[in-house]
Novice: 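Can you keep this structure in mind? I'll have questions shortly.
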Amino acid sequence: MYRHTTSLFTRHAALSRPLLNAACRRQYKLAAGAVKKGQIVEYKDKVWRVLNRDQSSSGRGGAVIKVDLQDIKTLNKLSERFRSNDSLEVLNMQEESYQFLYADGEQIHVLNNETFDQIVLTNEMCEGGERALAMLEDGMPLTVSLLTTAEVTNQPVTFKLPQHHVFTVASVVERAGQAAKGTVYKTASLTNGAKLQVPEFVHEGDRIHVDIENMRYMKREL
């Protein structure tokens, strides 16, 4: 298990301060009506991910743009309305693949599979919050979102788990519940400690595909 920590550890120290600091400067302005879902913008001294954008007429010849935003640090959501001549500051983000090594309190240690550099993230940076954190397991691939500015390159901001992942069933509880179509479910504990409902034919030691976002059993690996 890799334990060496490069100078990239200092990125975690920067994130212990308010997210929007000298390392998170404005990149370029974009009309509110032109921003796209998934872009990262600066608004009210915070960094937000654009979740959705709708445009409608105000009835006076101008357009009203409704933008749904999510704070990339707290995951709080905000809906704001802008005029057609308003603009937003767009920040540069890129995604890189990492591997989960281990958790240490409020810190997450991950490894870049190409450079073998280890960086330290924090629990609050996890997209999906505590529910997603509970699904972490050794060796799991993670996607880390990195912020690039004129002053700083590749500052980690958030990370997310894969949408689907294969887990091993550690144990099952033979407690049946009847679903609408007659499928019988029981509770399974995975090797990482997480629990979810699985069909009755799933047994200890089975490898199962799980929809992590919805915490839903998908299929058994044959």
Side-chain angles (χ1 to χ4, degrees), residues 1-25 38-42 44-49 51 69-78 91-149 151-170 189-196 210-215:
M1 187 71 69
Y2 290 92
R3 293 279 179 168
H4 92 279
T5 303
T6 70
S7 60
L8 291 172
F9 178 83
T10 57
R11 296 175 181 169
H12 165 63
L15 287 169
S16 63
R17 301 189 295 272
L19 181 61
L20 193 63
N21 52 29
C24 186
R25 296 298 188 187
Q39 284 186 314
I40 304 299
V41 300
E42 175 190 339
K44 294 184 176 179
D45 295 326
K46 295 183 178 180
V47 180
W48 308 81
R49 188 187 309 277
L51 299 179
L69 304 168
Q70 184 178 45
D71 189 315
I72 63 173
K73 184 175 182 180
T74 66
L75 300 184
N76 291 333
K77 295 181 180 180
L78 176 71
L91 304 176
N92 292 329
M93 293 282 285
Q94 68 181 55
E95 295 183 339
E96 290 187 2
S97 297
Y98 282 76
Q99 177 185 351
F100 172 67
L101 296 180
Y102 62 97
D104 181 15
E106 296 296 312
Q107 297 180 345
I108 302 294
H109 297 250
V110 298
L111 178 76
N112 186 307
N113 289 321
E114 294 185 1
T115 64
F116 300 105
D117 287 333
Q118 179 181 328
I119 63 174
V120 181
L121 310 174
T122 62
N123 288 352
E124 66 181 8
M125 294 167 62
C126 179
E127 296 186 16
E130 292 183 2
R131 186 178 183 184
L133 286 169
M135 298 302 292
L136 285 170
E137 74 167 3
D138 293 346
M140 176 181 281
L142 301 175
T143 301
V144 179
S145 294
L146 304 161
L147 179 66
T148 296
T149 71
E151 293 84 6
V152 173
T153 300
N154 295 341
Q155 179 185 1
V157 177
T158 63
F159 71 92
K160 60 185 176 181
L161 280 64
Q163 184 176 357
H164 305 143
H165 189 69
V166 179
F167 295 90
T168 300
V169 176
S189 296
L190 308 180
T191 52
N192 65 351
K195 293 180 172 61
L196 77 160
V210 176
D211 177 344
I212 293 178
E213 182 177 356
N214 299 301
M215 281 294 290

Novice: The test is side chain to side chain contact (heavy atoms under 4.5 Å, CB included); show your working for Leu142 and Leu161 and say whether it passes.
Specialist: CA-CA 5 Å; Leu142 301 175; Leu161 280 64; 4.0 Å; yes
Novice: Using a 3.5 Å distance criterion without hydrogens, assess whether the side chain of Asp71 forms a donor-acceptor pair with backbone atoms of Asn76.
Specialist: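 The answer is no, because no donor-acceptor pair under 3.5 Å joins these two groups.
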Novice: Verify whether one side chain among Thr158 and Glu127 offers a donor that lies under 3.5 Å from an acceptor in the other.
Specialist: yes
Novice: Output the distance between atom CD1 (Ile108) and atom CE (Met125), rounded to the nearest 0.5 Å.
Specialist: 10.0 Å
Novice: Can you tell if the side chain of Leu69 reaches within under 4.5 Å of the side chain of Val41, non-hydrogen atoms only?
Specialist: yes
Novice: Evaluate the side-chain proximity of Ile40 to Val47: yes if any heavy-atom separation is below 4.5 Å, no if none is.
Specialist: yes
Novice: Please name all residues satisfying salt bridge (charged side-chain N to carboxylate O under 4.0 Å, His left out) with Glu213, sequence neighbours left out, ordered by chain then number.
Specialist: none
Novice: Between OH of Tyr102 and CD of Gln107, what distance do you get to the nearest 0.5 Å?
Specialist: 8.5 Å
Novice: I need the Gln118 CD to Tyr98 OH distance, nearest 0.5 Å.
Specialist: 11.0 Å
Novice: Salt bridge (charged side-chain N to carboxylate O under 4.0 Å, His left out) with Glu95: which residues, sequence neighbours excluded?
Specialist: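 Only Lys160 meet the salt bridge (charged side-chain N to carboxylate O under 4.0 Å, His left out) criterion with Glu95.
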Novice: Less than 4.5 Å apart, side chain to side chain, heavy atoms only: is that true for Met135 and Leu190?
Specialist: yes
Novice: Could you tell me whether the side chain of Ser145 reaches within less than 4.5 Å of the side chain of Glu96, counting heavy atoms only?
Specialist: no
Novice: Taking all non-hydrogen atoms of both residues into account, name the closest pair between Asn123 and Gly105 and its distance.
Specialist: ND2-O, 3.5 Å
Novice: Test of understanding: with side-chain contact (heavy atoms from CB on, under 4.5 Å), list the residues that count as partners of Gln99, not counting sequence neighbours.
Specialist: Leu111, Asn113
Novice: Provide the closest heavy-atom pair for Phe167 versus Met140 in the form atom of the first, atom of the second, distance.
Specialist: CZ-CE, 3.7 Å
Novice: With a 4.5 Å limit on heavy-atom distance, are the side chains of Thr122 and Glu106 in contact?
Specialist: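 Result no, sub-4.5 Å side-chain heavy-atom pair not found.
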Novice: Considering residues at least two apart in sequence or located in another chain, which fulfil the side-chain contact (heavy atoms from CB on, under 4.5 Å) criterion with Ser189?
Specialist: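 Scan of Ser189 (side-chain contact (heavy atoms from CB on, under 4.5 Å), adjacent residues dropped) gives Ser171, Lys195.
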Novice: Can you find a pair of side-chain heavy atoms, one from Gln163 and one from Ile212, that are under 4.5 Å apart?
Specialist: no
Novice: Which residues pass the side-chain contact (heavy atoms from CB on, under 4.5 Å) test with Ala134, not counting sequence neighbours?
Specialist: none
Novice: So do the side chains of His165 and Val210 get within less than 4.5 Å of each other, counting heavy atoms only?
Specialist: no
Novice: Are the side chains of Leu136 and Asn192 in contact, using a 4.5 Å heavy-atom criterion?
Specialist: no
Novice: I need the minimum non-hydrogen distance between Leu133 and Phe159, along with the two atoms involved.
Specialist: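 Shortest heavy-atom contact: CD2-CZ, 4.0 Å.
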Novice: Kindly give the heavy-atom pair with the smallest separation between Leu121 and Val110, and that separation in Å.
Specialist: CD1-CG2, 4.0 Å
Novice: Looking at every non-hydrogen atom in both residues, tell me the closest pair between Asp138 and Leu101 and how far apart they are.
Specialist: OD1-O, 3.4 Å
Novice: Looking at every heavy atom in both Pro156 and Val144, which two are closest together, and how far apart are they?
Specialist: CB-CG1, 4.0 Å
Novice: What residues, two or more places apart in sequence or in another chain, satisfy side chain to side chain donor-acceptor pair (under 3.5 Å) together with Asn214?
Specialist: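 Result, side chain to side chain donor-acceptor pair (under 3.5 Å) vs Asn214: Asp211.
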